Amino acid sequence: EDWRNWLPLENWSIEDEDENGDGIPDSKWKRTKILSWLHDNGVTPTGYTTKDAALKLVDEVLNPAE
């Protein structure tokens, strides 16, 4: 303990991935969180889904084709 340096917590903040605070995935979100959001909204992508493809699926969920 004598050799450890501690930084005051008030000098640090943990930033949330959701910069808009709206709960909708955007480019700041991690791929795994986007896939989790899709799963929670009834979408199960097949095969490997890139972050970009996952964000396109989010857009399709939010703006379904008529």
Side-chain angles (χ1 to χ4, degrees):
E1 293 279 330
D2 292 339
W3 299 102
R4 291 186 183 191
N5 293 319
W6 298 97
L7 297 174
L9 291 178
E10 59 269 6
N11 293 338
W12 299 93
S13 67
I14 298 174
E15 295 183 12
D16 193 358
E17 292 176 350
D18 190 5
E19 69 179 18
N20 297 328
D22 57 6
I24 298 172
D26 56 36
S27 62
K28 299 278 185 186
W29 282 39
K30 292 182 181 176
R31 180 183 157 275
T32 54
K33 294 274 189 171
I34 299 169
L35 292 174
S36 178
W37 185 93
L38 286 167
H39 181 267
D40 292 346
N41 285 277
V43 178
T44 305
T46 57
Y48 183 80
T49 305
T50 64
K51 182 177 180 177
D52 194 47
L55 287 171
K56 287 178 184 175
L57 288 172
V58 168
D59 187 51
E60 290 176 13
V61 168
L62 297 174
N63 303 300
E66 294 182 21

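All values derive from a computational prediction rather than experimental measurement. Residue numbers run from 1 in the order of the sequence given.
In terms of heavy atoms, S27 sits closest to L55 at CA-CD1, 4.0 Å. Contact detail for L35 and P45: the closest heavy-atom pair is CD2-CG, 4.0 Å. Smallest separation of non-hydrogen atoms from R31 and T49: NE-O, 2.7 Å.
Rounding to the nearest 0.5 Å places CD of E60 at 13.5 Å from CG of N41. Atoms NZ and OG1, from K51 and T32 in turn, are 9.5 Å apart once rounded to the nearest 0.5 Å. Taking CD1 from I34 and NZ from K56, the interatomic distance works out to 13.0 Å, rounded to the nearest 0.5 Å.
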